[in-house]
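Following: one structure in structure tokens, then a few remarks.
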Amino acid sequence: MNTTSAGVATAVTFLWLGMVLAISFLEAPLKFRAPGVTVPIGLGIGRVVFRALNQVETVLALALIVAVAVGGPPLSVSLTAATALLLLAVQLLLIRPALNRRSDRVLRGESLPRSRAHHYYVATETAKALDLLALGLLLILR
């Protein structure tokens, strides 16, 4: 992989990983522990924050695609990058719409049981974080 593409891909990967870790694994669970934050308020904040995160993730994913495509990477880098992109696509196209429909109902005042979609999102977010870590290490150790 050429040096410029590898450098860009590495920077993008670790920026993406840092954002996922900070938002999904720090901010998201902590907001519900803050005094006065109810479930509807937490959901409202979460929707805004995750919409912004997903928009930034989409831009970073596009930058990663370009850097990897131009760089002539080894197969391991291509497959690991593709896995991160696939996990993001699953979240955006399959899981987030279900979560948004559910949060719409909660914000309208319905009392609903815990959602399996939330567990799927956490599982894909964990897998994506681990994949991004692996990708970053592959790029550094190339």
Any salt bridge (Lys or Arg N to Asp or Glu O under 4.0 Å) involving residues 72-90? Give me the pairs, sequence neighbours left out, ordered by first then second residue. none

Look at atom NE2 of His119 and say whether more than 12 heavy atoms of other residues, nucleotides or ligands are closer to it than 6.0 Å. yes

Let me confirm one number: the CG-CG distance from Leu88 to Leu64, rounded to the nearest 0.5 Å. 10.5 Å

Nearest heavy-atom neighbours spanning Pro97 and Gln91: CD-O, 4.2 Å

Side-chain heavy-atom pair Leu92, Glu57 within 4.5 angstrom cut-off: no

Residues Leu107 and Gly44: closest non-hydrogen pair is CD2-N, 4.4 Å

Do Leu135 and Thr10 make a side-chain contact, defined as non-hydrogen atoms from C-beta onward lying under 4.5 Å apart? no

State, yes or no, whether a side-chain contact exists between Leu139 and Met1 at a heavy-atom distance under 4.5 Å. yes

Rounded distance (nearest 0.5 Å) linking atom CG of Leu130 with atom OG1 of Thr80: 12.0 Å

Worked verdict on Leu87 versus Glu125 for side chain to side chain contact (heavy atoms under 4.5 Å, CB included): CA-CA 8 Å; Leu87 289 165; Glu125 196 75 333; over 6 Å; no

Answer whether the closest heavy-atom distance between the side chains of Trp16 and Leu21 falls below 4.5 Å. no

Could you tell me the separation between the CZ atom of Arg105 and the CG atom of Leu112, rounded to the nearest 0.5 Å? 4.5 Å

Cluster overlap Leu138 with Val70, hydrophobic side-chain contacts below 4.5 Å: no

Joint cluster assignment, Phe32 & Val49, ILVMFWY side-chain distance < 4.5 Å: no

Output the distance between atom CD (Gln55) and atom OG1 (Thr58), rounded to the nearest 0.5 Å. 7.5 Å

Going by the rule side chain to side chain donor-acceptor pair (under 3.5 Å), which residues pair with Thr83 if we only count those two or more places apart in sequence or in a different chain? none

Verify the cluster assignment for Leu137 and Val68: are they in a single hydrophobic cluster under the rule of side-chain heavy atoms below 4.5 Å apart? yes

Nearest heavy atoms of Leu132 and Ala84, plus distance in Å: CD2-CB, 3.9 Å

So, the side chain of Thr124 versus the backbone of Tyr121: is there a donor-acceptor pair under 3.5 Å, distance only? yes

Hydrophobic cluster identity match, Leu141 and Phe14, side-chain contacts under 4.5 Å: yes

From CD1 (Ile23) to NZ (Lys31), nearest 0.5 Å: 8.5 Å

Looking only at heavy atoms, what is the nearest atom pair of Ala63 and Val12, with distance? CB-CG2, 4.0 Å

I need the Lys128 NZ to Leu85 CG distance, nearest 0.5 Å. 10.5 Å

Of all heavy-atom pairs linking Ala129 and Phe25, the shortest is CB-CE1, 4.2 Å

Hydrophobic clustering (ILVMFWY, side-chain heavy atoms < 4.5 Å, transitive) - are Val56 and Leu17 grouped together? yes

Tell me, do Arg142 and Val77 make a side-chain contact under 4.5 Å, heavy atoms counted? no

For Ala28 and Ser24 the tightest heavy-atom approach is CB-O, 3.7 Å

The side chain to side chain donor-acceptor pair (under 3.5 Å) partners of Ser103 (sequence neighbours excluded) come to Arg47

